[in-house]
Amino acid sequence: MKVSELIKELELTVFCGEDNLDAVIQGGYTSDLLSDVMGHIEEGMLWITMQTHQNIVAVGTLKDVAAVLIVNGVSPDEETLQKGRDEGIPLLGTSDSAFTASGKIYQLLQKE
C-alpha cells in the first residue's frame with residue numbers, strides 16, 4: 001500500500017512531504033522511544049508515534065521510513081515541519097490513539 005492510499009483510507013492529515021506520498025509501506029512500527037525506533041524499524045516502514053519534535057524527522061531520515069504518523073490529534077511545530085520539508089519525509093496526523101491507528105493500519109496492510 002502506498003502512503004497516498006493510506007491517507008485516503010484513514011482520512012489522515014498531511015503536514016508535509018507531499019512529494020513523497022508514492023512510497024510503498026513495507027510494514028509499521030509503533031513507538032515513542034527514539035532509541036527503540038532506531039534499533040527496530042526497517043526501511044520503508046510507517047512509524048507511528050505521539051512525538052512531534054524535530055528528532056522524529058532525523059530518525060525517519062536515518063532509517064528511511066515511508067512516513068511518520070503522529071497520533072492523538074497533535075501537530076508538529078513549525079521547526080519540525082520545516083525539517084520534514086527539507087528532508088522530504090511525509091509527516092502525517094490522526095486524532096486516533098497509537099493503539100487504534102496501529103490496529104487500523106495493520107488490518108489494511110494484511111489485505112495487500
Side-chain angles (χ1 to χ4, degrees):
M1 169 176 280
K2 291 183 179 182
V3 173
S4 59
E5 295 168 335
L6 182 70
I7 292 165
K8 281 184 182 178
E9 283 284 335
L10 299 182
E11 300 178 3
L12 303 176
T13 300
V14 179
F15 295 117
C16 66
E18 294 86 354
D19 293 341
N20 293 315
L21 300 181
D22 284 337
V24 175
I25 300 169
Q26 302 296 325
Y29 198 75
T30 304
S31 181
D32 298 317
L33 186 61
L34 299 180
S35 60
D36 177 54
V37 174
M38 287 190 296
H40 295 97
I41 201 167
E42 296 176 13
E43 181 179 329
M45 285 186 162
L46 175 73
W47 176 17
I48 302 163
T49 183
M50 62 177 248
Q51 301 291 340
T52 61
H53 50 73
Q54 291 184 48
N55 290 340
I56 63 172
V57 177
V59 171
T61 301
L62 175 71
K63 300 305 285 189
D64 199 20
V65 301
V68 178
L69 177 59
I70 301 168
V71 298
N72 296 334
V74 295
S75 302
D77 61 28
E78 186 54 42
E79 290 175 344
T80 303
L81 289 174
Q82 188 57 52
K83 189 165 178 75
R85 288 183 202 106
D86 293 345
E87 297 294 335
I89 295 285
L91 297 180
L92 313 174
T94 181
S95 59
D96 286 340
S97 69
F99 179 80
T100 300
S102 297
K104 288 178 179 179
I105 293 164
Y106 178 81
Q107 287 183 333
L108 288 170
L109 292 178
Q110 293 304 302
K111 293 179 184 178
E112 292 289 302

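Judged as a side-chain hydrogen bond (donor to acceptor under 3.5 Å, both in side chains), and not counting sequence neighbours, Thr94 has no contacts. Shown here are the side-chain contact (heavy atoms from CB on, under 4.5 Å) partners of Leu10, two or more places apart in sequence or in another chain: Leu6, Leu12, Lys104, Ile105, Leu108. Applying the side-chain hydrogen bond (donor to acceptor under 3.5 Å, both in side chains) criterion to Ser97, with sequence neighbours excluded, gives Thr100. A search for side-chain contact (heavy atoms from CB on, under 4.5 Å) contacts involving Ser95 returns nothing, not counting sequence neighbours. For Glu78, the side-chain contact (heavy atoms from CB on, under 4.5 Å) criterion is met by Leu81, Gln82, Arg85, not counting sequence neighbours. Shown here are the side-chain contact (heavy atoms from CB on, under 4.5 Å) partners of Asn20, two or more places apart in sequence or in another chain: Pro90. Every residue two or more places apart in sequence or in another chain was checked for a side-chain hydrogen bond (donor to acceptor under 3.5 Å, both in side chains) with Glu42, and none qualifies.
Applying the side chain to side chain contact (heavy atoms under 4.5 Å, CB included) test between Leu91 and each of Ile56, Leu69, Val14 identifies Ile56 as the sole match.
Screening residues 56-66 for salt bridge (Lys or Arg N to Asp or Glu O under 4.0 Å), with sequence neighbours left out, gives no hits. For the salt bridge (Lys or Arg N to Asp or Glu O under 4.0 Å) condition, no pair includes a residue of residues 22-40, sequence neighbours left out. Among pairs with a residue in residues 2-17, none fulfils salt bridge (Lys or Arg N to Asp or Glu O under 4.0 Å), at least two apart in sequence or across chains.
As a member of the Ile/Leu/Val/Met/Phe/Trp/Tyr network built from side-chain separations under 4.5 Å, Phe99 groups with nothing else and remains a singleton. Hydrophobic side-chain contacts under 4.5 Å tie Leu33 to no other Ile, Leu, Val, Met, Phe, Trp or Tyr residue.
The backbone N or O of Val74 sits nowhere less than 3.5 Å from a side-chain atom of Asn72 that would complete a donor-acceptor pair. In this structure, Thr80 contributes its side chain and Thr52 its backbone to a donor-acceptor pair below 3.5 Å.
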